[in-house]
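Below you'll find the structure, written out as structure tokens, and then a few comments.
The chains referred to below are lettered A, B, ... by the order of the sequence lines, with proteins before strands, and numbering in each begins at 1. Owing to the predicted nature of the structure, the values given are computational and were not obtained by experimental measurement.
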Protein chains: 2
Amino acid sequence: MPAKRPPIPLTRERIIEAALHIADGQGLRRLTMRRLGDALQVEAMAIYHHLPRGKDALMDALAEHVTAVHAEPAGSWQETARAWCRASRAALREHPGVLALALTKPPKGRAAAAVREQIEQLAEAGVPDAPAAVRALRAYVLGAVAVEVQQSGWAEPPGGDGEAEPWLPPSRGGGSAEADADFERGLDALLAGLAGA
Amino acid sequence: MPAKRPPIPLTRERIIEAALHIADGQGLRRLTMRRLGDALQVEAMAIYHHLPRGKDALMDALAEHVTAVHAEPAGSWQETARAWCRASRAALREHPGVLALALTKPPKGRAAAAVREQIEQLAEAGVPDAPAAVRALRAYVLGAVAVEVQQSGWAEPPGGDGEAEPWLPPSRGGGSAEADADFERGLDALLAGLAGA
DNA sequence: ACCTGAACACCGTTCAAGT
DNA sequence: ACCTGAACACCGTTCAAGT
């Protein structure tokens with residue numbers, strides 16, 4: 001009989017990683033402290049040692065993880081804004097399971113810091129009302145990703161009756177290349193609008 | 001001892017109304033079949049008679065309720081689109097407790113029908129790629145309301161430590177008049193962009 | 001047809017106890 | 001310091017039973 005493997009130590013990072021995997025794979029409603037414990041080969045109660053506020057802390061951490069992005073200032077403020085928006089979209093699309101949290105919870109911790117940094121960068125680059133600009137950019141990204149993920153049918157139960165109700169005709173191929181183009185086109189329009197304010 | 005009141009009959013409408021009241025007042029996580037039963041003066045199990053798929057059906061119904069809006073065609077397609085967007089924003093803002101569902105669940109039933117109707121109206125008014133236009137308008141409204149509700153601090157637990165972290169400076173007065181102006185301004189820009197495509 | 005009561009499997013969280 | 005086991009209050013849902 002082989003000896004029991006020495007258990008990998010539990011960390012905040014490993015917990016969050018496993019939680020994202022469950023949420024993305026089975027949906028947020030099935031992300032459970034006990035299931036999370038199973039995935040980590042640990043009793044559920046062990047998680048409380050690393051996330052003292054329990055499931056609320058976990059939800060906050062997940063929202064933060066998917067929302068705390070970073071981008072460097074680029075040539076023009078438009079390029080800077082574009083970099084932020086692309087990074088945000090990528091991070092949100094990577095984890096559709098926790099999108100509801102990102103859309104709903106006000107930024108905290110590193111996520112709030114990221115928003116403040118973005119405002120600073122745009123203000124420094126001469127954008128007149130930088131907070132309003134960042135609000136508009138955030139709204140654009142959140143809305144675009146929400147619609148993308150809705151249309152992808154991610155939220156539908158996997159055991160559906162064959163085909164989902166086509167509530168919107170797919171962009172063209174339904175692929176993400178078309179979605180990328182849509183996103184960039186809308187972003188250009190928004191940046192033009194912000195410049196002409 | 002006064003006689004027991006004849007109980008008001010349970011209906012789908014009353015159930016949804018009570019569920020919205022709980023979700024808006026205490027948050028979606030506290031919306032529970034048993035609590036919902038209490039609010040309706042009924043055992044939780046009675047709800048299943050009106051919503052056979054149980055809590056999933058309830059969630060679907062809530063998303064539909066807050067998402068199935070209607071608007072009549074107006075003078076120009078821009079005015080038509082504006083009417084749809086204003087109606088959608090109003091409906092979503094009225095029930096912040098179920099906003100996560102509206103942002104996340106693909107439209108079904110009357111909500112999907114509303115989207116199709118909106119596409120038809122714009123197509124009939126001569127908008128070239130009406131489905132793409134409606135996608136963009138939907139994204140705009142969803143994102144705008146998401147940011148508004150985040151900024152309102154609605155999701156914060158009521159028993160906070162005095163003041164929430166100011167992750168974004170308030171628009172100016174923090175009031176909804178400023179938010180209304182922001183919304184209309186962004187909408188104008190988007191409509192201009194859609195026209196110039 | 002509509003609602004109840006009891007039951008079942010599961011959930012979040014606490015706390016004393018182990019190592 | 002880190003994890004476990006047992007316990008508690010609560011949850012969604014089924015089903016037979018009442019009216």
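Closest to the B:His49 side chain, of the nucleotides D:dC3, D:dT13, C:dC3, is C:dC3. Among the nucleotides D:dC3, C:dT13, D:dT13, the one closest to any side-chain atom of A:Tyr48 is C:dT13.
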Read 5' to 3' with Watson-Crick or G-U pairs under 3.5 Å, [ ] for crossing pairs and | for partners on another strand, DNA chain D gives ||.|||||...|||||.||
Determine, stepwise, if the pair B:Arg138 / A:Gln150 fulfils side-chain hydrogen bond (donor to acceptor under 3.5 Å, both in side chains). CA-CA 11 Å; B:Arg138 274 179 54 80; A:Gln150 278 182 19; 2.5 Å; yes
Show your reasoning for whether side chain to side chain contact (heavy atoms under 4.5 Å, CB included) applies to A:Val66 and A:Leu101. CA-CA 9 Å; A:Val66 92; A:Leu101 302 176; over 6 Å; no
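One atom, CE of B:Met59, and another, C1' of D:dC11, lie 13 Å apart when rounded to the nearest Å. If you measure from atom CZ of A:Arg34 to atom P of C:dA9, you get 14 Å, rounded to the nearest angstrom. Rounded to whole Å, the distance from CD on A:Gln26 to P on C:dC10 is 14 Å. The distance from atom CD1 of A:Ile8 to atom P of D:dC3 is 12 Å, rounded to the nearest whole Å. Taking atom CG of B:Asp56 as the reference point, atom C1' of D:dC11 lies 14 Å away to the nearest angstrom. Atom CE in B:Met33 sits roughly 14 Å away from atom C1' in C:dC3 (whole-Å rounding). Rounded to whole Å, the distance from CG on A:Leu58 to P on C:dG12 is 10 Å. Distance CD (A:Glu43) to C1' (C:dA17): 14 Å, rounded to an integer number of Å.
Of the possible donor and acceptor atoms, none in the side chain of B:Arg30 sits under 3.5 Å from a partner among the backbone N and O of B:Ile22. A donor-acceptor pair is defined here as one N or O able to donate and one able to accept, closer than 3.5 Å; no such pair exists between the side chain of B:Glu117 and the backbone of B:His70.
The nearest heavy atom of DNA chain D to A:Met45 and to A:Arg29 marks one nucleotide each, and the one closer to the 5' end goes with A:Met45. Sequence order on DNA chain D of the closest nucleotides to B:Lys55 and A:Gln41 puts A:Gln41 first from the 5' end. Closest-nucleotide positions on DNA chain C for A:Arg35 and A:Pro52 were compared, and the one nearer the 5' end corresponds to A:Arg35.
At the heavy-atom level, B:Arg30 lies nowhere under 4.0 Å from the strands shown.
If you take CE on A:Met33 and CD1 on A:Ile15, they are separated by 8.0 Å, rounding to the nearest 0.5 Å.
Remark: A:Arg89 engages A:Asp180 in a salt bridge, criterion side-chain N to carboxylate O under 4.0 Å.
Residue B:His50 places at least one side-chain N or O under 4.0 Å from the OP1 or OP2 atom of C:dC3. Look at B:Thr32 and you won't find any side-chain N or O under 4.0 angstrom from OP1 or OP2 of D:dC10.
With sequence neighbours excluded, the residues forming a side chain to side chain donor-acceptor pair (under 3.5 Å) with A:Gln121 are A:Trp84, listed by chain and number.
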